[in-house]
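Remarks on the structure that follows.
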Amino acid sequence: MSVLIYAESDNGSLRKGAFEVASYAKGVADALGTTVTALTVNVSDVSELGNYGVSKVLQVSDNALTKFQAKAYSSIIEQAAKAEQSKVVVLSSSTNSKYAAPLLGVALNAAVVSNVVSLPKSTSPFVVERTAFTNKAFQETQINSDVKVICVSNNSYGLKETSVSIEAEAFSPSVNGGSLEVVSIDKATDKVSIADAEVVVSGGRGLKGPENWHLIEDLATVLGAATACSKPVSDMGWRPHSEHVGQTGKPVATNLYIAVGISGAIQHLAGINASKVKVVVNTDPEAPFFKAADYGVVGDAFEVVPQLIEKLKAFKSTN
Amino acid sequence: MKILVCISHVPDTTSKINFTDDDTKFDTNGVSFVINPNDEFGLTRAMWFKEKQGASVDVVNVGGPDTEPTIRKCLAIGADNAIRVNANPTDSLFVAQELASVAKNGGYDLVIAGRESIDYNGGVVPGMLAALLDANFVNTCISLEVEGTSATAIREIDGGKETIKATLPLVIGGQKGLVEESDLRIPNMRGIMMARKKPLSVVEPTGSASQSEPSSFSKPAPKGSVTLVSADNLDELINLLHKEAKVI
Ligand SMILES: Cc1cc2nc3c(=O)[nH]c(=O)nc-3n(C[C@H](O)[C@H](O)[C@H](O)COP(=O)(O)OP(=O)(O)OC[C@H]3O[C@@H](n4cnc5c(N)ncnc54)[C@H](O)[C@@H]3O)c2cc1C
């Protein structure tokens with residue numbers, strides 16, 4: 001009856017999202033009077049999960065699972081949920097988890113509720129809060145199915161350390177991904193992704209052209225940040241679509257979002273509003289972004305950003 | 001190839017989001033509705049299959065009579081037939097089951113849905129639909145080619161993309177990239193006139209189950225005002241981010 005999580009990993013190491021999912025699941029398990037079990041795939045060192053409330057790990061090692069394949073992964077999560085007789089399965093809101101979640105929901109005859117931002121308000125009936133209308137509202141949702149699949153919104157619950165003693169056992173589910181084949185993966189290994197980043201530096205039309213993007217990239221490099229952009233910037237081909245953030249692009253929920261030369265249109269803000277701290281640099285003091293930001297600099301990006309980069313380098317070297 | 005495009009009817013992105021009936025219902029007063037942006041990219045890709053590969057394109061929506069202008073717009077863009085399942089969506093499973101029933105009856109090879117709809121942002125319907133149909137599924141799909149019964153798709157992943165090969169029947173959750181923004185079509189007069197004559201059939205729901213229900217809505221607390229820092233004093237910004245916000 002434990003709460004089951006799928007603890008995501010990348011090349012054998014657990015992703016930060018796994019610890020947030022574990023923290024959240026521990027909260028749910030406490031409310032239900034049970035414990036947390038984690039499923040891992042091809043991760044050899046799972047001990048860190050114990051710091052976030054996971055008391056048992058089902059460790060899968062299988063070369064057939066090296067590449068993420070939604071059907072195969074949802075099927076092994078299903079088998080783990082059945083083995084544990086879990087009533088609640090918690091996943092992250094990563095691209096892969098959101099890919100597998102609905103397949104898992106159908107297999108377990110469970111409701112799937114995504115973008116969840118709080119622990120259950122009550123467990124009987126089971127009520128959680130999720131975001132709706134792209135962060136413009138919250139919605140309380142009552143889940144009536146016996147088994148429930150919850151996708152926790154990235155960076156919403158945070159990490160909560162609770163040390164418990166952890167035991168790991170090998171788990172060997174049958175692996176069947178059907179006829180769909182992942183042929184190749186093209187992933188920049190030297191860059192942090194928008195989904196994993198603690199800081200995102202984003203550029204808009206105010207940067208005038210792709211040739212000026214070194215400003216955004218250099219600022220991102222000093223901060224260890226991912227780079228992003230507004231929609232018109234990707235539509236004009238200045239930057240790849242994968243960097244487009246906002247209501248119709250990627251959602252951003254980082255600790256720090258720095259917007260340079262972005263006006264702050266409602267569609268842009270909706271998608272980045274879940275970020276904890278927002279900074280804007282814009283020449284126009286009337287730009288709507290100033291109403292959404294925590295910190296603002298009225299100024300020309302071409303003057304402000306190079307200075308900011310130098311000052312941050314100095315700051316980083318002493319901190 | 002028979003294509004079914006699932007269309008969600010959603011508030012325009014600039015809509016004011018308010019609630020009525022004790023914060024239990026979305027207030028549609030003064031709100032204009034549009035084709036869900038992710039679905040519009042999918043529909044436009046379907047038009048390409050129609051024009052280049054002779055595919056037939058049907059659109060389906062689960063919704064009340066108020067969604068018909070949105071459905072007609074899809075016909076004006078070029079879809080051949082439309083189906084409206086006459087029911088107000090209750091949750092993702094309900095919608096997925098109703099769509100699955102339409103998809104099964106029509107014997108479609110390819111079902112195109114959007115990665116998520118911009119109202120409730122669930123992102124769950126396309127995957128559930130694929131599972132119910134026992135079809136292959138590609139989510140966050142940014143490119144799709146079909147040759148005979150085999151499809152090559154590109155899926156966006158965190159920090160990159162991957163190429164997938166899958167046989168039909170296939171369900172995708174699509175988004176921008178399937179086509180470019182500049183490929184989107186604004187219906188012309190002829191399209192609008194023709195759309196009036198195209199079939200829009202209304203079918204009754206099969207009585208699918210729901211597993212969850214929204215109980216109430218609320219809005220985020222209003223934000224405090226911005227702290228402005230002079231462009232000549234960026235040390236202060238760094239100090240604030242370090243000491244006050246604690247994010248660097
Ligand atoms: C259906 C729909 C969906 C949309 N979805 C999205 C979405 O998901 N994401 C998104 O971003 N947009 C989206 N948009 C577009 C959105 O409405 C805006 O058009 C867009 O966000 C504007 O991008 P921008 O801020 O880069 O450009 P602009 O609005 O042109 O703003 C540029 C800003 O740069 C400032 N600037 C100019 N020069 C400088 C300088 N030297 N230094 C500093 N600042 C300078 C200007 O003052 C201005 O505020 C959507 C629109 C629609 C209709």
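Below, read A as the first sequence line, B as the second, and so on, with proteins coming before strands; counting in each chain starts at 1.
Looking at A:T134 and B:N121, their side chains do bring a donor and an acceptor atom within 3.5 Å of each other. Between the side chains of B:S212 and A:T141, no donor-acceptor pair is found at a separation under 3.5 Å.
Options A:V112, A:T189, A:N255 differ in how many heavy-atom pairs under 4.5 Å they form with chain B, and the most are formed by A:V112. Heavy-atom pairs under 4.5 Å with chain A peak, among B:A151, B:P37, B:S218, B:P214, at B:S218. Top candidate by heavy-atom pairs under 4.5 Å with chain A, chosen from B:K246, B:K176, B:E180, is B:K176. Among B:L234, B:L237, B:I164, B:D158, the residue with the largest count of heavy-atom pairs under 4.5 Å with chain A is B:D158. Across B:L240, B:V226, B:N139, the residue that shares the most heavy-atom pairs under 4.5 angstrom with chain A is B:V226. When each of A:P240, A:G105, A:A292, A:A270 is scored by its heavy-atom pairs under 4.5 Å with chain B, the top score falls to A:A292. In terms of non-hydrogen atom pairs under 4.5 Å with chain B, the most contact-rich of A:V192, A:V127, A:L312 is A:L312. Most heavy-atom pairs under 4.5 Å with chain A, from the set B:K165, B:K219, B:E244: that is B:K165. Chain A forms the most heavy-atom pairs under 4.5 Å with one residue out of B:L129, B:T14, B:V10, and that residue is B:T14. Ranked by heavy-atom pairs shorter than 4.5 Å toward chain B, the options A:G299, A:A100, A:A137, A:C151 are led by A:A137. With chain B as the partner, the residue from A:D10, A:I194, A:V106, A:D196 showing the most heavy-atom pairs under 4.5 Å is A:V106.
A:F138 and B:P220 make their closest contact through CE1-CA, 3.8 Å (heavy atoms, listed as atom of the first residue, atom of the second, distance). Of all heavy-atom pairs between A:K311 and B:I238, the closest is CB-CD1, 3.5 Å. Closest non-hydrogen pair, A:P102 versus B:V124, comes out as CB-O, 3.3 Å.
Residues A:F68 and B:R155 are in side-chain contact: their nearest non-hydrogen atoms beyond the backbone lie under 4.5 Å apart. Proximity of B:I142 to A:H241: side-chain heavy atoms (C-beta onward) are nowhere separated by under 4.5 Å.
Checking side-chain atoms of A:R130 against main-chain N and O of B:Y120 turns up a donor-acceptor pair under 3.5 Å. The backbone N or O of A:A293 lies less than 3.5 Å from a partner atom in the side chain of B:K223, making a donor-acceptor pair. A distance-only check finds a donor-acceptor pair linking the side chain of A:S114 to the backbone of B:G122 [under 3.5 Å].
Comment: A:K231 engages B:E181 in a salt bridge, judged by a side-chain N to carboxylate O separation of less than 4.0 angstrom. In this structure, A:K67 does not pair ionically with B:E162, as no charged nitrogen and carboxylate oxygen lie closer than 4.0 Å.
Around CG of A:N319, the count of heavy atoms belonging to other residues, nucleotides or ligands within 6.0 Å exceeds 12. Residue A:K316 places its NZ atom among more than 12 non-hydrogen atoms of other residues, nucleotides or ligands, all under 6.0 Å distant. Counted within 6.0 Å of NZ on B:K25, heavy atoms from surrounding residues, nucleotides or ligands total 12 or fewer; the atom is thus considered open. In this structure, A:K250 places its NZ atom where more than 12 heavy-atom neighbours from other residues, nucleotides or ligands lie under 6.0 Å away. The neighbour count for B:D21 CG, taken as heavy atoms of other residues, nucleotides or ligands under 6.0 Å away, is above 12.
For A:V279, the part lying under 4.5 angstrom from a heavy atom of chain B is the side chain only. Neither the backbone nor the side chain of B:D91 has a heavy atom closer than 4.5 Å to any heavy atom of chain A. Of the two parts of B:V138, the backbone and the side chain both hold a non-hydrogen atom closer than 4.5 Å to a non-hydrogen atom of chain A. For A:Q247, the parts lying under 4.5 angstrom from a heavy atom of chain B are both the backbone and the side chain. Residue A:V182 touches chain B through both its backbone and its side chain, counting heavy-atom pairs closer than 4.5 Å. Of the atoms belonging to B:Q175, not a single heavy atom falls under 4.5 Å from chain A. For A:L104, no part lies near chain B; criterion is any non-hydrogen pair under 4.5 Å. With a threshold of 4.5 angstrom between heavy atoms, B:S182 does not approach chain A through any atom at all. Neither the backbone nor the side chain of B:P126 comes within contact range of chain A, judged by heavy atoms closer than 4.5 Å. Only the backbone of B:S15 comes within less than 4.5 Å of a heavy atom of chain A; no side-chain atom from C-beta onward does. Both the backbone and the side chain of B:F137 come within contact range of chain A, judged by heavy atoms closer than 4.5 Å. Residue A:E198: no heavy atom, backbone or side chain, is found under 4.5 Å from chain B. Only the side chain of B:L241 comes within less than 4.5 Å of a heavy atom in chain A; its backbone stays farther off. Within the 4.5 angstrom heavy-atom criterion, only backbone atoms of A:A110 (N, CA, C, O) approach chain B.
With rounding to the nearest 0.5 angstrom, the CD1 atom of B:I157 is 8.0 Å from the CG atom of A:D186. B:H242 NE2 to A:F315 CZ: the interatomic distance, rounded to the nearest 0.5 Å, is 4.5 Å. Rounding to the nearest 0.5 Å gives a distance of 5.5 Å between CZ of B:F217 and CZ of A:F133. Here the straight-line distance linking atom OG of B:S150 with atom CD of A:E181 works out to 11.5 Å at 0.5 Å rounding. In this structure, CD1 on A:I185 lies 9.5 Å from OG1 on B:T163, to the nearest 0.5 angstrom. Interatomic distance, NZ of A:K136 versus OG1 of B:T13, reported as 6.5 Å (0.5 Å rounding).
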Check against side chain to side chain donor-acceptor pair (under 3.5 Å), B:T227 and A:D294: CA-CA 6 Å; B:T227 303; A:D294 300 282; over 6 Å; no

After noting the C-alpha distance and the side-chain angles of A:S179 and B:N136, does the key distance pass the side-chain contact (heavy atoms from CB on, under 4.5 Å) rule? CA-CA 8 Å; A:S179 64; B:N136 279 321; 3.0 Å; yes

Any chance you could lay out the side-chain contact (heavy atoms from CB on, under 4.5 Å) test for A:N109 and B:Q211, step after step, and finish with the verdict? CA-CA 9 Å; A:N109 195 18; B:Q211 292 167 322; 3.2 Å; yes

Under the side-chain contact (heavy atoms from CB on, under 4.5 Å) criterion, do A:K98 and B:E116 qualify, and how do the steps go? CA-CA 11 Å; A:K98 280 188 131 177; B:E116 71 175 43; 4.1 Å; yes

Please determine whether side chain to side chain donor-acceptor pair (under 3.5 Å) holds for the pair B:S215 and A:Q142, giving the CA-CA distance in whole Å, both sets of side-chain angles, and the decisive distance to 0.1 Å. CA-CA 6 Å; B:S215 39; A:Q142 179 175 325; 5.4 Å; no

